[in-house]
S.K.: 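If you scroll down you'll find the structure; I have some questions about it.
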Number of protein chains: 2
Amino acid sequence: MPTLKHTPKPTGHFSESLARGLSVIQAFDRDAPMLRIADVAKRTGLDRAAARRFLLTLLDLGYVGRSDDLFYLRPRTLDIGFSYLASLDLDRVIQPFLNELTEATRETSSFGIADGFDVGLLARSANNRMLNVSVALGSRVPAYSASLGRVLLAGLSPEQFKHYLEALPTGSVAPEALDRDALRASVEQTRSCGWVTVEPGPGRGFRSIAVPIRDGSGAVVAGVNVLEYPPRNSAPTMVRKYLPLLRNAATQIEAAMRLAQHSVATWNTATHDTAPPSG
Amino acid sequence: MPTLKHTPKPTGHFSESLARGLSVIQAFDRDAPMLRIADVAKRTGLDRAAARRFLLTLLDLGYVGRSDDLFYLRPRTLDIGFSYLASLDLDRVIQPFLNELTEATRETSSFGIADGFDVGLLARSANNRMLNVSVALGSRVPAYSASLGRVLLAGLSPEQFKHYLEALPTGSVAPEALDRDALRASVEQTRSCGWVTVEPGPGRGFRSIAVPIRDGSGAVVAGVNVLEYPPRNSAPTMVRKYLPLLRNAATQIEAAMRLAQHSVATWNTATHDTAPPSG
DNA sequence: ATTTATTTGTGCGATAATCGCACGATTATA
DNA sequence: TATAATCGTGCGATTATCGCACAAATAAAT
């Protein structure tokens, strides 16, 4: 996604340089892991000289490396994002409960939060039958397609969900053969039930069930699911066998999150904000 | 780690603002997930007004949130580090081979790179017997203590390794009851053998074996290991049963990495740089 | 070999972004 | 009530940043 335009910032208290520098990091991509100065300039919309300054800065800080004219990200870049993961203390607060869940169900369980239009997978306890369907930790899946996404969407207020639907790129839902009306219906049902199952379909060989995780105020801030691959139980069976375990795990996680110093606020932001910068 | 002092940058081509802004992100921490402006100012050594500007910038960009006076990192922060993971294309280049390895050994296998004094775990294929010993992806383990770390240390030049030992905080090695001489011996043996096993011991209930992964120039850029928890085979048995599989996987990964567009450079930086800024 | 089109590196003046003090308002603590 | 922190903000001074323009190096095309 080249040429990110910076919307004029409302307040004068804004550091252009920081924003531009961060955009330089994100100019790197699976499809463009190595870039020259000019490439970065094009992708970010920065002047070539500016792009160069930021690259040299990041080089100096150890976030990027260079080989001749090509720049690339270095592992240290992970430190930035991992400040967030560390602040969540996943190992202590979440992982143990996922492990219990997986042990009890003998299936793979995951923990995710809402992040824009996607679900961010933050923790997982894997069942080894599922080796071939690996989804890397930290990756995003579209919120509308996954069971985790459904429970998160169901946690939105009607207005927020309306915003979500409106802002959702029109083409996005099509590939799953799931139109907006069906999605709306599914989300509404999820809201009233407190859980949701997602059926296998074209391009998705698994069946999964998810429940929301709420903070002290009752707002949905995350979700847990159990995933069968290949699906071995019918949806009703999954509900019968796994829902109690899921609910139990969710309750425990909620308690653990409340005990953690920063329960409410940190997680509470997991709501879909329809506007990255403004609008 | 408060008050990171900025070494005066050699070149004039350096963006203070970017460096300072990044330091603001990293002011957040497992032990300090929520900070007030003044806290951030203290931890970064910035003026309060400056810290505030950066925080507001990050807030506007969606990287941090705030609840009253407290700021905290938001999931979007992961985007930054994940630019790096995406650029590695782990799912495609590494994960399949780990999965094969785990399938063949029925044990857990991991892939890691050197990152400063630590090993960064970037990919894993888990065996479900190992559920309770979960180490979150992306976490660091000290290079001296893990089998992955040993093969990476063994890839350093004698001078680099000397630097590593010198720069290693003196207290670090003690808890593992492994003194510098023993570490040096182990690393030297690893270098000549091309593999290493690490025995279970106090604070470590598993036995593991690792081999290095080299780039086109022969430099060690990463490592793969297989880990038994609880240990079921003796070390010699592990070598006999797993070493061929590990070597095979390493060879395949090396080939895949060479095929990937950016094989050499991106990985090549995984060498231990003893000096974060300078010295 | 000679052009043509892209690169990168660098200097420099003009500009605008950043700095950081200092003030008043607000809230917690003694 | 007094004391100590905190935040928010304005503003002048500074300086970091911008981005053009040029030279040099490289690669591709003629």
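Below, chains carry the letters A, B, ... as their sequence lines are ordered, and counting in each starts from 1.
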S.K.: Measure from the side-chain heavy atoms of B:Ser15 and tell me the nearest of D:dT17, D:dT6, D:dG19.
M.R.: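 Shortest atom-to-atom distance from the side chain points to D:dT17.
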S.K.: Here's a test of your reading of the structure: between A:Ala38 and A:Leu18, which maps to the more 5' nucleotide of DNA chain C?
M.R.: A:Ala38
S.K.: Do B:Ser23 and B:Phe54 come close enough that some side-chain heavy atom pair is under 4.5 Å?
M.R.: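 They are not in contact (no side-chain heavy atoms under 4.5 Å apart), so the answer is no.
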S.K.: Hey, does the side chain of A:Lys42 come within less than 4.0 Å of C:dT7's phosphate (OP1/OP2), counting only N and O?
M.R.: yes
S.K.: Any donor-acceptor pair under 3.5 Å linking the side chain of A:Arg36 with the backbone of A:Ala38?
M.R.: no
S.K.: For the side chain of B:Arg36, starting at C-beta, report the closest nucleotide among D:dC7, D:dC18, D:dG19.
M.R.: D:dC7
S.K.: Given side chains that start at C-beta, do those of A:Tyr72 and A:Leu35 come closer than 4.5 Å, heavy atoms only?
M.R.: no
S.K.: So do the side chains of B:Phe161 and B:Val187 get within less than 4.5 Å of each other, counting heavy atoms only?
M.R.: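 Yes. Closest side-chain heavy atoms under 4.5 Å.
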S.K.: Quick one: is A:Arg20 getting a side-chain N or O under 4.0 Å of the D:dT17 phosphate, OP1 or OP2?
M.R.: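 A:Arg20 to D:dT17 OP1/OP2: no side-chain N or O under 4.0 Å.
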S.K.: Check step by step if side chain to side chain contact (heavy atoms under 4.5 Å, CB included) holds for B:Leu121 and B:Leu148.
M.R.: CA-CA 9 Å; B:Leu121 290 172; B:Leu148 278 177; 3.8 Å; yes
S.K.: Within this structure, what is the CG-to-P distance between B:Leu56 and C:dA17, rounded to whole angstrom?
M.R.: 17 Å
S.K.: Nearest-Å distance, CZ (A:Phe54) to P (D:dA16)?
M.R.: 14 Å
S.K.: Separation of B:Asp39 atom CG from C:dA28 atom P, in whole Å?
M.R.: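 Those two atoms, CG and P, are 16 Å apart.
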S.K.: Nearest-Å distance, CZ (B:Phe14) to P (D:dA16)?
M.R.: 12 Å
S.K.: Is there side-chain contact between A:Phe97 and A:Val224, with heavy atoms separated by less than 4.5 Å?
M.R.: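 Answer no - side chains too far apart.
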S.K.: Let me check the geometry of the helix from C:dA1-D:dT30 to C:dA30-D:dT1. What is the bend angle between the axes at its two ends, five pairs each, to 10°?
M.R.: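 Inter-axis angle at the termini of the helix from C:dA1-D:dT30 to C:dA30-D:dT1: 50°.
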S.K.: Do you know the tightest heavy-atom contact between B:Arg43 and B:Ala32?
M.R.: NH2-CB, 3.3 Å
S.K.: If you define the side chain from C-beta out and look only at heavy atoms, does anything of B:Leu55 sit under 4.5 Å from B:Val40?
M.R.: yes
S.K.: Among side-chain atoms of B:Ser15 and A:Arg53, is any donor-acceptor pair under 3.5 angstrom?
M.R.: no
S.K.: Closest approach to the side chain of B:Glu16, judged atom by atom: which nucleotide of C:dC19, C:dT8, D:dT17 is it?
M.R.: D:dT17
S.K.: What is the distance, to the nearest angstrom, from the CG atom on B:Leu70 to the P atom on C:dA28?
M.R.: 12 Å
S.K.: Can you check nucleotides 8-11 of chain D for protein contacts, nitrogen or oxygen pairs under 3.5 Å, and list what you find?
M.R.:
from	atom 1	to	atom 2	distance (Å)
D:dG8	OP1	B:Arg66	NH2	3.3
D:dG8	O6	B:Arg48	NH2	3.1
D:dT9	OP2	B:Arg52	NH2	3.0

S.K.: Among D:dG19, C:dG20, C:dC19, which nucleotide sits nearest the side chain of A:Asp47?
M.R.: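 Nearest nucleotide to the side chain: D:dG19.
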